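Heads up, the thing below is written out as structure tokens.
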Amino acid sequence: MTRELFTSWALREAMAQEMRRDDRVILMGEDIAEYGGAFKVTEGLLGEFGPQRVINTPISENGFVGVAVGAALTGLRPIVEIMFMDFVTLAMDQIVNHAAKFHYIYGDGVTVPMVLRLPAGGGRGYGATHSQTLDSWFISVPGLKVVAPWSPADAKGLLTAAIRDDNPVIFIEHKLLYSVKGPVPEGEHVVEIGQANRVREGDDLSIIAYSKMVDEALEAAEALSEVGVQCDVIDLRTLQPLDDKAIVESAARTGRVILIEEGVRQGGVMAEVACRIMEGAFDYLEAPPVRLGGGFAPIPCAESLERSLMPSAADVIAVAQQILA
Amino acid sequence: MSEQPSVLLGYLRAMWVIRHFEEALDDLFGRSLIRGTCHLCVGQEAAAVGACAALRADDQINSTHRGHGHFLAKGGDPRRVMAELFGRATGYAGGRGGSQHMAGWDIGFLGSNGITGGGIPVATGAALSAKLQNTGRVVVSFFGDGATAQGAFHEALNMGSLWTLPIVYFCENNLYAMSTPLRSHSAVSSIAERAAAYGMPGVEVDGNDLLAVRDAVATAAARARGGEGPTLIDCRTYRFLGHSKSDKREYRTEEEEAAARRRDPILRFRALLLEQGHASESELAAVEEDARNLISEAVEFAQASPLPEGDPSAKVYAP
């Protein structure tokens, strides 16, 4: 059975179902208990699971991520909410030097089964320190898995998979997707980490996106189909490990690729994806892949400026017209 | 409390094991038989052995960059710790960790740590597990005086106390953060005073007096196990050698070092056992000889062990 759910409800359902299934799963974060989290994703969970398992923390990101690492090492399976992805900067030591490395350096039997939920992205006028998309930092840290769902169903299925994974998983949630509704399976729903999803099929042009940018990709694909261009739209879903097979297959089939991400284009996730396309499908390409991404500036607060910094469906259409010409 | 001679000789032996282990390393590094870096705890043996003597076998500890002594005091196999330093497949981390990054899960050693203060929140998390899972375990987090300047120290102690976790925060205060003396890196001269900010007891102890260290940790562990929360122990000690192998120790005087060596925790404890009639001179000599032989065997074991092979990327992720 599926029904329409907001993404935030789908995420909450994944957590609640896993907490019922496995009493080692606990939640930690700032204002996640009575308040339900800044974006209300954990609303109601305190009532069902109590303060021992839904733990409000002080404003100590490095400290409570470290506590979660220690708890994960010793038998619990923490899900940590960082109120805004921007604040993950404060916890980078525990993520990069500790969570990501302990399995490797402490030996085979040692695991760090934890999930870091990071509300990311702009578009709400929150400005420079509450709007960032820092995804690309994490894909170059061996030991981390990085997941960024777009659809409500994937939000539930990937979060379930992340909670069951024995590695630290960076789980990126776009703030603008929380209030998006879509069909979500009711019972247990697991989407395997590491698999991209083809959300629209076409043979003329590949548009590769993830998270909120899948909306822009689909909007552009719809507009392009009206002028006879059929787009293949790939939702990466997982950024580490990347689904090379799906990426290369699409690029080789269409020969033309546009990659779109919200984070800063320079050194971005799509720089890596584009390179893998060069390595895996170069002989099939009709044109160089084109990356669209956030401009090289802090996120400005004014709506007009913030909009112009972000890539959009219109940018995709403009680039498509150039490379198809 | 009446002390069992066999137990007291066990403490002495454990300290000698650490001393000979570290002195062997000093020699091996000096001859470039081991690569990388390493931080030796010669002079601080009573802290590690005294603290671990107060714990149950299933209690857990974690440690710092200067962690060989803690690992051995908790029951680590000197052969496998040495093999890790030699980068051999038989080491605790199969050669992937090295001096600052090894753990022994089966004996409750939750790992040394190359980031100053980085282990304090992690130990606090282990204590959260102990509390939520009702294991009855206590966790001891070892760190140096330098680590108390880290935000991680403040954040972790605040949460440990706030949530009444079964943990002992054990500061091995050797008076120097690398070359920087305590008076230049800490606004308070006593680390124990910091405990007041977290609503927990702060205790100063002579770190070169093994029994005093053991008793301070026993009191703190009993409090933690009884559900009364953490204690911060300011264990005053001294590192006889440099911060690491490249340190020429120009920031302190020979007089200061000589005075510290007169308070050598091992010789002091040895004299106490003799004076109180717990052991004879020949028994004491035999204990040291036994420890020396154990370390010689550990070096032989490590040198004879195979090098790790295969793809270094193979073990990045848990299956």
Side-chain angles (χ1 to χ4, degrees), chain A residues 23-24 26 28 50-53 55-78 80 90-91 93-94 96-114 141-145 165-169 193-194 240-241, chain B residues 60 62 84 91-94 96-98 100-106 108-133 135 137 139 141 150-160 162-163 165 167 312-319:
Chain A
D23 62 14
R24 299 171 300 173
I26 63 166
M28 297 177 66
Q52 295 243 312
R53 296 182 67 195
I55 303 172
N56 262 349
T57 66
I59 304 174
S60 302
E61 284 85 1
N62 196 50
F64 68 71
V65 170
V67 169
V69 172
L73 285 172
T74 51
L76 297 175
R77 304 182 76 86
V80 179
L90 293 151
D93 173 50
Q94 284 297 335
V96 176
N97 289 321
H98 295 80
K101 294 180 176 41
F102 279 168
H103 170 69
Y104 191 78
I105 61 178
Y106 285 171
D108 297 342
V110 180
T111 57
V112 188
M114 65 186 286
V141 181
L144 301 178
K145 294 186 179 180
D165 201 289
D166 277 339
N167 297 280
V169 179
I193 292 174
Q240 164 57 30
Chain B
Q60 296 169 325
N62 79 347
E84 188 60 37
Y92 270 98
R96 296 189 300 278
Q100 306 182 81
H101 318 102
M102 51 179 127
W105 238 246
D106 51 337
F109 183 68
L110 304 185
S112 42
N113 195 310
I115 304 297
T116 300
I120 310 174
V122 176
T124 305
L128 179 68
S129 281
K131 179 171 178 173
L132 295 186
Q133 300 189 326
T135 62
R137 283 180 183 147
V139 181
S141 186
Q150 289 278 26
F153 167 85
H154 158 69
E155 295 182 11
L157 268 70
N158 184 50
M159 283 183 277
L162 188 64
W163 299 335
L165 300 181
I167 184 164
S313 296
K315 293 186 182 234
V316 175
Y317 291 93

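In the text below, chain A, chain B and the rest are named by the order of the sequence lines, each starting its count at 1. Bear in mind the structure is a predicted one, so any value in this text is a computation, not a measurement.
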Most heavy-atom pairs under 4.5 angstrom with chain A, which of B:Ala152, B:Gly111, B:Ala93, B:Gly151?
B:Gly111
Could you measure the distance from the CZ atom of A:Phe102 to the CG atom of B:Leu110? Nearest 0.5 Å is fine.
9.5 Å
Which atoms of B:Ser112 come close to chain A, meaning under 4.5 Å heavy atom to heavy atom: side chain ones, backbone ones, both, or neither?
backbone
When heavy-atom pairs shorter than 4.5 Å are enumerated against chain B, which of A:Val112, A:Thr111, A:Leu73 gives the highest number?
A:Leu73
What part of A:Ile26 gets within 4.5 angstrom of chain B, counting heavy atoms only: side chain, backbone, both, or neither?
side chain
Inter- and intrachain pairs under side-chain hydrogen bond (donor to acceptor under 3.5 Å, both in side chains), touching residues 55-65 of chain A, at least two apart:
A:Glu34-A:Asn56
As an exercise, state the distance from CG of B:Leu132 to CZ of A:Arg24, rounded to the nearest 0.5 Å.
13.5 Å
At a heavy-atom separation under 4.5 Å, does B:Asp106 approach chain A through its side chain, its backbone, both, or neither?
neither
For side-chain contact (heavy atoms from CB on, under 4.5 Å), just list the numbers for B:His101 and A:Tyr104, CA-CA rounded to whole Å, side-chain angles, deciding distance to a tenth of an Å, and then say yes or no.
CA-CA 10 Å; B:His101 318 102; A:Tyr104 191 78; over 6 Å; no
Show the nearest heavy-atom pair for residues B:Trp163 and A:Val67, with the distance to one decimal.
CZ3-CG1, 4.3 Å
Heavy-atom contact with chain A under 4.5 Å, split by part of B:Glu84
neither
How many angstroms lie between atom CE of B:Met159 and atom CE of A:Met28, to the nearest 0.5 angstrom?
6.5 Å
Between A:Asp93 and B:Gly118 the two heavy atoms that sit nearest each other are OD2-CA, 4.4 Å
Residue part contacting chain B, namely of A:Ile59, when any heavy atom lies under 4.5 Å:
neither
NZ on A:Lys101 to CZ on B:Arg96, rounded to 0.5 Å
14.0 Å
Which region of A:Arg53, side chain (C-beta onward) or backbone (N, CA, C, O), has a non-hydrogen atom less than 4.5 Å from a non-hydrogen atom of chain B, or is it both or neither?
neither
Just so I understand: if I count every heavy-atom pair under 4.5 Å between each of A:Val69, A:Asp23, A:Leu144, A:Val65 and chain B, which residue has the most?
A:Leu144
Does A:Tyr106 reach the main-chain N or O of B:Met102 with its side chain, forming a donor-acceptor pair under 3.5 Å?
no
Throw together a table of side-chain donor-acceptor distances under 3.5 angstrom for residues 120-129 of chain B, partners on residues two or more places apart or in other chains.
residue	atom	partner	partner atom	Å
B:Thr124	OG1	B:Ile120	O	2.8
B:Thr124	OG1	B:Tyr169	OH	2.9
B:Ser129	OG	A:Ala71	O	3.2
B:Ser129	OG	A:Thr74	OG1	2.7

Report which part of A:Asn97 has an atom under 4.5 Å of a heavy atom belonging to chain B: side chain, backbone, both, or neither.
side chain
Pick one of side chain, backbone, both or neither for A:Gln52, based on which atoms fall under 4.5 Å of a heavy atom in chain B.
both
Test side-chain contact (heavy atoms from CB on, under 4.5 Å) on B:Gln100 and A:Ile105 and set out the steps.
CA-CA 10 Å; B:Gln100 306 182 81; A:Ile105 61 178; over 6 Å; no
